[in-house]
Visitor: 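One structure, as structure tokens, below. Some questions next.
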There are 2 protein chains.
Amino acid sequence: MARTKSIPLEGGGCCPSVLAAPVTEAQATDLARLFAALGDPVRLRLLSLVADAGEVCSCDLLESLDRAQPTVSHHTKVLVDAGLIEGEKRGRWVWWRIVPERVDEMRDALAGAHVRA
Amino acid sequence: MARTKSIPLEGGGCCPSVLAAPVTEAQATDLARLFAALGDPVRLRLLSLVADAGEVCSCDLLESLDRAQPTVSHHTKVLVDAGLIEGEKRGRWVWWRIVPERVDEMRDALAGAHVRA
DNA sequence: GTGTTACATTGACACCGGTCGATGCATTGA
DNA sequence: TCAATGCATCGACCGGTGTCAATGTAACAC
């Protein structure tokens, strides 16, 4: 994928750690959308399958997730909207990939739990 | 009284990375509950406030979060059930603390996004 | 053209979850 | 004892969300 692109993302400022300093309401809204995207077991498995296989088409997900096709399409859309995966249409198939930078943002948001206390 | 209600969780073994290998349905259900707990902007700010102050009582949260008292109580309960915070009652007040180990589990679940390109 | 395949979209359903007023239960202090 | 405080619980409202059948839209094969 294009490494030449350094994730613009986040209109409400950058995404610092939730634990290092109080987050603003805008940042909280942004991050909540991210976490909510992973707040569903089907989407977690979907992300896991994509991450494990590197690339997966929806037809494969349909089998693995044991859900109807519209349901799988719905979940991929949620993850795409959250920026966690991206799809590329090749012929008749859409191949899904993970967006590691976006996952890193989530992990960074959880960093710094030990600095105080 | 110890409001630490420590849920069973970990039904399908420990909580490895979602991205390193396919997660089981049980693991996905567990982790989804965790992520869903942070899938709300009010709870994210709540966690952030607790982490920043080290210890906070509900009365302080009530002001900072600008929500009614039952609402704040609801959100603290969700975070406690998720194991992300714990409360200790001293006198009339309940003091909330973060559970860093639990946050670490979430961060670990997001590790390994780069193993494959 | 016709038909098939892969996926998105729509609409409808049921259920979940955030919110708050009212109420209950402890604890503190007068 | 009584009043006040801090928090949990209950009940209700309502918008959000997961689910799937039906339909639409491309892309391919013939």
Side-chain angles (χ1 to χ4, degrees), chain A residues 25 28-47 49-50 53 55-82 84-97, chain B residues 1-7 25 28-50 53 55-82 84-97:
Chain A
E25 297 198 19
T29 302
D30 255 14
L31 275 174
R33 227 189 306 267
L34 256 181
F35 283 108
L38 294 191
D40 180 275
V42 174
R43 283 196 292 272
L44 267 181
R45 291 173 53 214
L46 199 162
L47 196 79
L49 288 167
V50 172
E55 274 188 344
V56 181
C57 74
S58 297
C59 49
D60 293 333
L61 295 174
L62 215 143
E63 299 181 23
S64 303
L65 296 176
D66 193 34
R67 291 293 190 282
Q69 179 268 325
T71 302
V72 173
S73 184
H74 163 68
H75 286 304
T76 53
K77 178 174 171 55
V78 172
L79 289 176
V80 166
D81 290 346
L84 288 166
I85 65 173
E86 55 187 7
E88 180 189 351
K89 187 161 187 177
R90 298 195 211 129
R92 280 188 278 191
W93 295 270
V94 177
W95 293 89
W96 303 102
R97 284 187 304 272
Chain B
M1 110 187 183
R3 287 205 71 265
T4 45
K5 181 175 167 183
S6 82
I7 28 178
E25 298 198 19
T29 302
D30 273 0
L31 275 174
R33 228 190 306 267
L34 255 181
F35 283 109
L38 294 191
D40 180 274
V42 175
R43 283 196 292 272
L44 268 181
R45 291 174 53 216
L46 198 163
L47 196 78
S48 187
L49 288 166
V50 172
E55 274 188 344
V56 181
C57 74
S58 298
C59 48
D60 293 333
L61 294 175
L62 215 143
E63 299 180 23
S64 304
L65 296 176
D66 193 34
R67 290 294 188 285
Q69 179 267 326
T71 302
V72 173
S73 186
H74 164 69
H75 286 304
T76 54
K77 178 175 172 52
V78 172
L79 290 175
V80 166
D81 290 347
L84 288 167
I85 64 173
E86 55 187 7
E88 180 188 351
K89 185 162 187 178
R90 297 194 212 128
R92 280 188 279 193
W93 294 271
V94 176
W95 294 89
W96 304 101
R97 284 187 304 271

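Proteins get letters first, then strands, A, B, ... in listed order; numbering begins at 1 in each.
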Visitor: With sequence neighbours excluded, tell me which residues meet salt bridge (charged side-chain N to carboxylate O under 4.0 Å, His left out) with Lys89(A).
Guide: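 Expected list: none.
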Visitor: How long is the line joining CZ of Arg90(A) and C1' of dT5(C), in whole Å?
Guide: 18 Å
Visitor: Nearest-Å distance, CG (Leu38(A)) to C1' (dT17(D))?
Guide: 16 Å
Visitor: In whole Å, what is the span from the CG atom of Asp81(A) to the P atom of dT9(C)?
Guide: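 So the CG-P distance, Asp81(A) to dT9(C), works out to 10 Å.
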Visitor: Taking only residues two or more places apart in sequence, or in another chain, which ones meet Glu25(B) in a salt bridge (charged side-chain N to carboxylate O under 4.0 Å, His left out)?
Guide: Arg45(A)
Visitor: Please output the side-chain donor-acceptor pairs of residues 62-74 of chain A that fall under 3.5 Å, not counting sequence neighbours, one pair per line with the distance.
Guide:
from	atom 1	to	atom 2	distance (Å)
Ser64(A)	OG	Asp60(A)	O	3.2
Arg67(A)	NH1	Leu65(A)	O	3.3

Visitor: Nearest-Å distance, CG (Leu65(B)) to C1' (dC7(D))?
Guide: 15 Å
Visitor: Quick check on DNA chain D: between Gly91(A) and Gly39(A), whose nearest nucleotide comes earlier from the 5' end?
Guide: Gly39(A)
Visitor: Nearest whole angstrom, please: distance from the C1' of dT10(C) to the NZ of Lys77(A).
Guide: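 Rounded to the whole Å, the gap is 13 Å.
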Visitor: Do any N or O atoms of the protein come closer than 3.5 Å to N or O atoms of nucleotides 2-6 of chain D, and which pairs are they?
Guide:
from	atom 1	to	atom 2	distance (Å)
dT5(D)	O4'	Arg92(B)	NH1	3.4
dG6(D)	O3'	Arg92(B)	O	3.4

Visitor: So, taking the atom named CG in Leu61(A) and the one named CG in Leu46(A), what distance separates them when rounded to the nearest 0.5 Å?
Guide: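 These two atoms lie 4.5 Å from each other.
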Visitor: Throw together a table of side-chain donor-acceptor distances under 3.5 angstrom for residues 31-44 of chain A, partners on residues two or more places apart or in other chains.
Guide:
from	atom 1	to	atom 2	distance (Å)
Asp40(A)	OD1	Val42(A)	N	2.8
Asp40(A)	OD1	Arg43(A)	N	3.2
Arg43(A)	NE	Ala37(A)	O	2.6
Arg43(A)	NH1	His75(A)	ND1	3.1
Arg43(A)	NH2	Ala36(A)	O	3.3

Visitor: Looking at Arg43(A), does any N or O in its side chain come under 4.0 Å of the phosphate oxygens OP1/OP2 on dG18(D)?
Guide: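 For dG18(D), OP1/OP2 do have a side-chain N/O of Arg43(A) under 4.0 Å.
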Visitor: Just verifying a value: how many Å separate Glu86(B) CD and Arg97(B) CZ, rounded to the nearest 0.5 Å?
Guide: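 Between atom CD of Glu86(B) and atom CZ of Arg97(B) there are 5.0 Å.
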Visitor: Pick out the pairs of N or O atoms, protein on one side and nucleotides 19-23 of chain C on the other, that lie under 3.5 Å.
Guide:
from	atom 1	to	atom 2	distance (Å)
dT19(C)	OP1	Arg67(B)	NE	3.0
dT19(C)	OP1	Arg67(B)	NH2	3.2
dT19(C)	OP2	His75(B)	NE2	2.4
dC20(C)	OP2	Ala68(B)	N	3.1
dC20(C)	OP2	Thr71(B)	OG1	2.8

Visitor: Of Ala36(B) and Thr76(A), whose closest DNA chain C nucleotide lies nearer the 5' terminus?
Guide: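 Counting from the 5' end, the first nearest nucleotide belongs to Thr76(A).
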Visitor: Using side chain to side chain contact (heavy atoms under 4.5 Å, CB included) as the criterion, list what pairs up with Trp93(A), not counting sequence neighbours.
Guide: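 With sequence neighbours excluded, Trp93(A) shows a side chain to side chain contact (heavy atoms under 4.5 Å, CB included) to Cys57(A), Cys59(A), Trp95(A), given in chain and number order.
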Visitor: Which residues satisfy the side-chain hydrogen bond (donor to acceptor under 3.5 Å, both in side chains) test with Ser58(A), sequence neighbours excluded?
Guide: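 If we apply the side-chain hydrogen bond (donor to acceptor under 3.5 Å, both in side chains) test to Ser58(A), skipping adjacent residues, the hits are Trp96(A).
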Visitor: Given atom CG of Leu61(A) and atom P of dA6(C), what is their separation to the nearest angstrom?
Guide: 13 Å
Visitor: Under 4.0 Å between any heavy atoms, over every strand shown, what does Trp95(B) touch: base, sugar-phosphate, or nothing? Just pick one.
Guide: nothing
Visitor: Show the nearest heavy-atom pair for residues Val50(A) and Val56(A), with the distance to one decimal.
Guide: CA-CG2, 3.8 Å
